[in-house]
Every structure is written in C-alpha cells, then in structure tokens.
**Student:** 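Please see the structure below; I have some questions.
Worth saying up front: this structure is predicted, and the values here are computed from it rather than measured.
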Amino acid sequence: MNIGILEYDEKVAYQLGEIIAQECPHVQIKRWDKESELKEDIRKGGIYKILFLALEKNPMDIVEYSKRLQELHPNVKIIYMTELNPTIFEVFCSNPTYILSRPLNEGHVRKALRKALKELSLSREKNFTVINKQGIFTIPYTRIFYVESDKRKLNIYGSDGLIKSINLKISDFLKYEHGHYFMQCHKSYAVNLMHVLQLEKYEIVLENGEKLPISQSRYMETKARYLDYLENE
C-alpha cells in the first residue's frame with residue numbers, strides 16, 4: 001500500500017513520515033513539497049490509498065482537487081493538515097477522513113492513520129487467502145472470530161468452531177491488512193475486535209459465547225485497543 005504526503009515544511013514531513021513508518025512499517029511513503037508534483041505523480045498513474053495534504057498554500061485548490069480525485073477513486077482516504085482558518089468549513093465538501101491541526105500531535109496522527117486504514121478495510125469485503133498444496137482457500141475476514149497458534153499451525157475459528165488449520169505464524173497473520181481489526185490478546189490468540197461482546201478482567205467474551213484468555217502483560221494494551229475500536233466504530 002502507498003501513502004502520499006503533500007507537505008511544504010521539511011521538518012513536519014519528516015516527523016509525519018516517521019510516525020507513519022512506525023505505525024505501518026510495510027507501506028511505501030511518497031512525499032511532495034509542491035502541489036504540481038503531487039498532481040503530476042497521480043496523472044502518471046501513481047495510486048495512493050491514503051493522502052496527507054497540507055492546506056497552507058492554495059487551500060481551496062487542494063480541496064477542489066481532492067473532490068475530483070475522490071470522484072475518480074472513491075476509496076482514497078484524505079487527511080488534511082491545517083491551522084484553523086475559514087477554509088476548515090469548506091474542506092468537508094471533499095469528504096476528508098480526518099483533519100490534523102498544527103503543530104502535529106503524534107497521537108492525533110496515529111488516530112487519523114488508523115481511521116483511514118479502518119475505512120479502507122470496510123470499503124470492500126476483504127478475504128484471507130490461503131495457498132498451499134491442497135489448493136486455494138478464501139475466508140472472508142468477517143467470518144473469522146479468532147485465530148489460535150498451535151505449535152507450527154494456526155487454527156482459524158468462526159462462530160461455529162474451527163474453519164481451517166494452516167502453516168502460519170500468528171505474527172505473520174497479523175501483518176495482513178485485516179490485522180488492523182485483529183488484536184493479539186495472548187501469545188497464542190488473536191481476536192477479531194468486531195466479534196467481541198465484552199471485555200472482562202483477563203478474559204474476552206465473544207458474540208458466540210466463547211471466552212478467550214488475556215495475558216496479564218497484555219491486559220492494558222488490549223483494553224486500550226478495544227476502547228479505541230469502540231470509539232471509532
């Protein structure tokens with residue numbers, strides 16, 4: 001996945017790039033310091049799932065360009081960066097995912113990025129595809145309630161029990177895009193947040209009544225991730 005940054009301040013661009021790289025180490029980041037370079041890149045076929053766009057220069061031109069871009073590519077996620085000014089009330093015409101104010105706050109950048117990634121995941125039915133000697137198996141991630149690491153195998157469970165067992169590490173499973181919905185609550189378990197009914201002390205209750213353990217060392221992180229998911233749901 002490619003993420004683009006239109007930012008005129010080199011220091012701000014570097015800060016933003018560092019945060020994105022930490023949050024999404026697998027993505028490619030492209031930065032422009034001129035609006036014309038951004039437009040030329042996209043005109044030549046550059047495809048970006050998420051765009052961070054500064055509004056300090058020609059703000060209405062950027063907003064109008066974003067609107068046209070979203071008409072051609074409805075799934076592109078726009079995150080504006082701006083100081084408070086009258087333009088702020090116009091930018092929503094282009095359906096931005098988030099608006100960041102200056103100076104950039106690292107927590108807000110991470111929240112904007114996660115929201116954009118979540119919207120990308122929801123914009124299409126995503127499948128987890130397994131290719132092995134037995135053939136090709138596709139499982140919609142919405143069917144997956146949780147996965148369990150069992151020695152060298154990964155057991156995939158749905159509402160009615162085991163769906164499939166494959167040779168895969170739980171850490172590698174979480175590297176897929178749908179990993180933004182899956183949270184590792186225990187060294188042996190990762191749960192799909194959309195199927196969590198409630199979170200109790202050191203235990204997760206799923207929609208189908210099953211319960212998964214939460215490691216004591218992961219409890220605070222699990223609680224924070226789940227609260228963040230509920231807030232942005």
**Student:** Is there a side-chain contact between Asp9 and Asp33 (heavy atoms, below 4.5 Å)?
**Tutor:**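 No, too far: nothing below the 4.5 Å cut-off.
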**Student:** Could you tell me whether the side chain of Arg31 and the main chain of Ala13 form a donor-acceptor pair under 3.5 Å?
**Tutor:**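 No, the answer is negative, given that no donor and acceptor are paired below the 3.5 Å cut-off.
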**Student:** Work out which heavy atom in Pro213 is nearest to a heavy atom in Cys185; give both atom names and the distance.
**Tutor:**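 Taking Pro213 first and Cys185 second, the nearest heavy atoms are O-SG, 3.5 Å.
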**Student:** Given 3.5 Å as the limit, does a donor-acceptor pair link the side chain of His26 with the main chain of Ala21, or not?
**Tutor:**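 Not confirmed, His26 side chain does not pair with Ala21 backbone.
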**Student:** Honestly curious: do Leu199 and Tyr202 fall in one hydrophobic cluster under the side-chain, below-4.5 Å linking rule?
**Tutor:**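 Same hydrophobic cluster.
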**Student:** State, to 0.1 Å, how close Ile79 and Ala112 come at their nearest heavy-atom pair, and which atoms those are.
**Tutor:**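 Closest approach of Ile79 to Ala112, heavy atoms only: CD1-O, 3.6 Å.
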**Student:** Quick check, are the ring centers of Tyr157 and Tyr146 under 6.0 angstrom apart?
**Tutor:**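 Close enough - the centres of the two rings lie under 6.0 Å apart.
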**Student:** Do Lys49 and Ile3 have side-chain heavy atoms sitting under 4.5 Å apart?
**Tutor:**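 No. Closest side-chain heavy atoms not under 4.5 Å.
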**Student:** Tell me the closest heavy-atom pair linking Ser149 and Lys187, and the distance in Å.
**Tutor:**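 Minimum heavy-atom separation between Ser149 and Lys187: CB-O, 4.5 Å.
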**Student:** Determine, using the 4.5 Å side-chain heavy-atom cutoff (strictly less than), whether Val63 and Tyr8 are members of one ILVMFWY cluster.
**Tutor:**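 Same hydrophobic cluster.
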**Student:** May I ask you to decide whether Glu35 forms a salt bridge with Lys39, counting only side-chain N to carboxylate O separations under 4.0 Å?
**Tutor:**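 Looking at Glu35 and Lys39, the cut-off is met.
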**Student:** For the pair Asn105 (side chain) and His108 (backbone), establish whether a donor and an acceptor sit closer than 3.5 Å, ignoring hydrogens and angles.
**Tutor:**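 Answer holds: yes.
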**Student:** Please report the closest heavy-atom contact between Ala190 and Leu174, naming both atoms and the distance.
**Tutor:**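 Reported closest heavy-atom pair: CB-CD2, 4.0 Å.
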**Student:** Any luck finding a side-chain donor-acceptor pair between Ser159 and Asn208 under 3.5 Å?
**Tutor:**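 Short answer, no.
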**Student:** Side chains of Gln184 and Tyr189: do they bring a donor and an acceptor to under 3.5 Å?
**Tutor:**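 On atom types as modelled, these side chains do not qualify, holding no pair under 3.5 Å.
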**Student:** With the threshold set at 4.0 Å, does a side-chain nitrogen-carboxylate oxygen contact exist between Glu40 and Lys44?
**Tutor:**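 Looking at Lys44 together with Glu40, the answer is yes, because their closest N to O distance falls below 4.0 Å.
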**Student:** Whether the side chain of Lys115 engages the backbone of Thr97 through a donor-acceptor N/O pair (distance < 3.5 Å, no angle test) should be reported.
**Tutor:**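 Judged by distance alone, yes, a pair lies under 3.5 Å.
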**Student:** Check for me whether the distance between the ring centres of Tyr80 and Tyr98 falls short of 6.0 Å.
**Tutor:**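 That pair fails the under 6.0 Å test.
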**Student:** One thing to verify: whether Glu23 and Arg114 come together as a salt bridge, which I'm taking to mean a side-chain N less than 4.0 angstrom from a carboxylate O.
**Tutor:**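 Looking at Glu23 together with Arg114, the answer is yes, because their closest N to O distance falls below 4.0 Å.
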**Student:** Verify the cluster assignment for Ile214 and Leu197: are they in a single hydrophobic cluster under the rule of side-chain heavy atoms below 4.5 Å apart?
**Tutor:**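 Result: no, two separate clusters.
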**Student:** Can you get from Leu53 to Tyr14 by hopping between Ile, Leu, Val, Met, Phe, Trp and Tyr side chains that sit under 4.5 Å apart?
**Tutor:**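 No; Tyr14 is not reachable from Leu53 via cluster members.
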**Student:** Give a yes or no answer on whether the side chain of Asp150 reaches the backbone of Asn155 with a donor-acceptor pair at less than 3.5 Å.
**Tutor:**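 Absent.
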**Student:** Determine, using ring centers only, whether Phe128 and Phe137 are less than 6.0 Å apart.
**Tutor:**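 Between Phe128 and Phe137, which both carry aromatic rings, the centre distance is not below 6.0 Å.
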